[in-house]
Colleague: 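Dropping the structure in here first, questions after.
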Amino acid sequence: RAVVALLEARFAGGSVRCPGRAPIVFGETQVLRTVDAVPTRCAPGGFAQANPAVNDLLIAHVREAAAGARTACDLYAGAGNFAFPLAAAGIATVAVESDADLAASGRAEAARRGLAVRFVEERVERYVRRKPAPVDFVLADPPRAGLDKAATHLGFAGRLLLISCHLPAAVRDLKALAASGWRVER
C-alpha cells in the first residue's frame, strides 16, 4: 500500500505488475498522451516512447514507409501508437497486441476517433503462424526480445518495416528475415 500511495502522489496514473498477481492500477484509469498531434487515451502500464519528439519522427518514418499502401498490419501494436496514424492516412489497419488492456483501450480509442483499425488480441507469434490475409505493409515494433520465431512467418506482408530498440535482437531478426527471402533496403 505504501508503494501505491507513493506512486499516486507522484504520477497521474499507471500500474504495477507483480508476477502471479493482477496488476494494481493507481491514479487515472486511462492515460492521456499526444500521438501524432492528437490527444489519445490508453490504458496505463503499456510501453510508450519517453521522448515525444522521437515518437513523432518514428511516426513520420512509418507513414513514409507505408506510402501507397491500402492495407497494413501493426505487430506489437500496444494501444495504437502507429496503427492510428496509419489509419488516419486512409490505410485499413489490423493492430495485433497480446495485452488485453492495451487492445481494449486501442479499440475504444479507434471507435472514438472513427478510425479503420481492427485490434486483434493475440500473441504476434500465434497470429503470424495462422497465415493472415495478405496486406500491403507490415510494421513490426517488437519488445527488446525482437521478432524471434515470428520473423519466419511474415510472408503475408507486401513490405515490412522493422523497428528495433535492441541491436543484438535486430541483427538476429534481420538474419532470419534474409533467410526467409526478405531483402534489407536501409
Side-chain angles (χ1 to χ4, degrees), residues 33-43 46-49 52 54-100 102-143 145-165 169-170 173-174 176-178 180-186:
R33 302 180 342 170
T34 300
V35 174
D36 200 28
V38 178
T40 304
R41 296 174 186 90
C42 66
F47 174 81
Q49 288 294 331
V54 170
N55 194 50
D56 289 343
L57 290 171
L58 285 169
I59 289 170
H61 187 69
V62 168
R63 267 208 196 96
E64 177 186 326
R70 292 182 324 224
T71 56
C73 183
D74 181 0
L75 302 175
Y76 310 94
N81 185 62
F82 296 117
F84 295 150
L86 288 170
I91 302 170
T93 304
V94 174
V96 182
E97 173 55 49
S98 63
D99 184 285
L102 293 176
S105 67
R107 275 187 210 97
E109 185 66 14
R112 184 185 75 78
R113 292 173 55 184
L115 295 173
V117 179
R118 180 173 63 90
F119 274 82
V120 174
E121 184 185 321
E122 187 170 9
R123 289 183 47 84
V124 166
E125 296 78 11
R126 185 166 185 230
Y127 178 83
V128 298
R129 274 188 291 227
R130 288 192 297 112
K131 299 184 179 173
V135 294
D136 300 323
F137 177 74
V138 168
L139 165 68
D141 183 15
L147 291 171
D148 199 24
K149 295 174 184 166
T152 60
H153 298 282
L154 298 174
F156 67 101
R159 284 176 289 163
L160 171 66
L161 175 62
L162 172 63
I163 297 175
S164 180
C165 65
D173 291 344
L174 289 170
L177 289 166
S180 297
W182 288 95
R183 182 175 49 89
V184 177
E185 290 184 2
R186 57 179 171 144

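Please read all numbers here as calculations on a predicted model, not as lab measurements.
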Colleague: Could you tell me which residues satisfy salt bridge (Lys or Arg N to Asp or Glu O under 4.0 Å) with R129, sequence neighbours excluded, listed by chain and number?
Modeller: none
Colleague: When you measure from the side chain of S180 to the backbone of A178, do you find a donor-acceptor pair of N or O atoms at a distance under 3.5 Å?
Modeller: no
Colleague: Quick one, V120 and V94 - any side-chain contact, counting heavy atoms below 4.5 Å?
Modeller: yes
Colleague: Could you check N81 against I59 for side-chain contact (heavy atoms from CB on, under 4.5 Å), going step by step and ending with a plain yes or no?
Modeller: CA-CA 8 Å; N81 185 62; I59 289 170; 4.2 Å; yes
Colleague: Thinking salt bridges, do E64 and R186 make one under a 4.0 Å N-O criterion?
Modeller: yes
Colleague: Rounded to the nearest 0.5 Å, what separation is found between the CZ atom of F137 and the CZ atom of R63?
Modeller: 11.5 Å
Colleague: Could you pull out the closest heavy-atom pair between E121 and S98, with the gap in Å?
Modeller: CG-O, 4.1 Å
Colleague: A95 and A77: which non-hydrogen atoms are nearest, and at how many Å?
Modeller: CB-CB, 3.5 Å
Colleague: Going by the rule side-chain contact (heavy atoms from CB on, under 4.5 Å), which residues pair with V54 if we only count those two or more places apart in sequence or in a different chain?
Modeller: Q49, N51, L58
Colleague: Do you know which two heavy atoms are closest between P134 and T71, and how far apart they sit?
Modeller: O-OG1, 4.4 Å
Colleague: So that I can tick it off, tell me whether R107 and E109 are bridged by a salt bridge, with the cut-off set at under 4.0 angstrom between side-chain N and carboxylate O.
Modeller: no
Colleague: Any side-chain heavy-atom pair from Y127 and C73 closer than 4.5 angstrom?
Modeller: yes
Colleague: Looking at CG of D141 and OG of S164, how far apart are the two atoms once the value is rounded to the nearest 0.5 Å?
Modeller: 8.5 Å
Colleague: Working to the nearest 0.5 Å, report the span between CD of E122 and CG of L75.
Modeller: 11.0 Å
Colleague: Only distances under 3.5 Å count here; give the side-chain donor-acceptor pairs of residues 147-163 to other protein atoms, sequence neighbours excluded, each with its distance to 0.1 Å.
Modeller:
{"from": "T152", "atom 1": "OG1", "to": "K149", "atom 2": "O", "distance (Å)": "3.0"}
{"from": "R159", "atom 1": "NH1", "to": "A65", "atom 2": "O", "distance (Å)": "2.7"}
{"from": "R159", "atom 1": "NH1", "to": "A67", "atom 2": "O", "distance (Å)": "3.2"}
{"from": "R159", "atom 1": "NH2", "to": "A67", "atom 2": "O", "distance (Å)": "3.2"}

Colleague: Return the minimal non-hydrogen interatomic distance between E97 and Y76, and the atom names on each side.
Modeller: OE1-C, 3.7 Å
Colleague: To the nearest 0.5 Å, what is the distance between CZ on F84 and CZ on R113?
Modeller: 6.0 Å
Colleague: Hey, could you give me the CD1/CG distance between I91 and L115, rounded to the nearest 0.5 Å?
Modeller: 12.0 Å
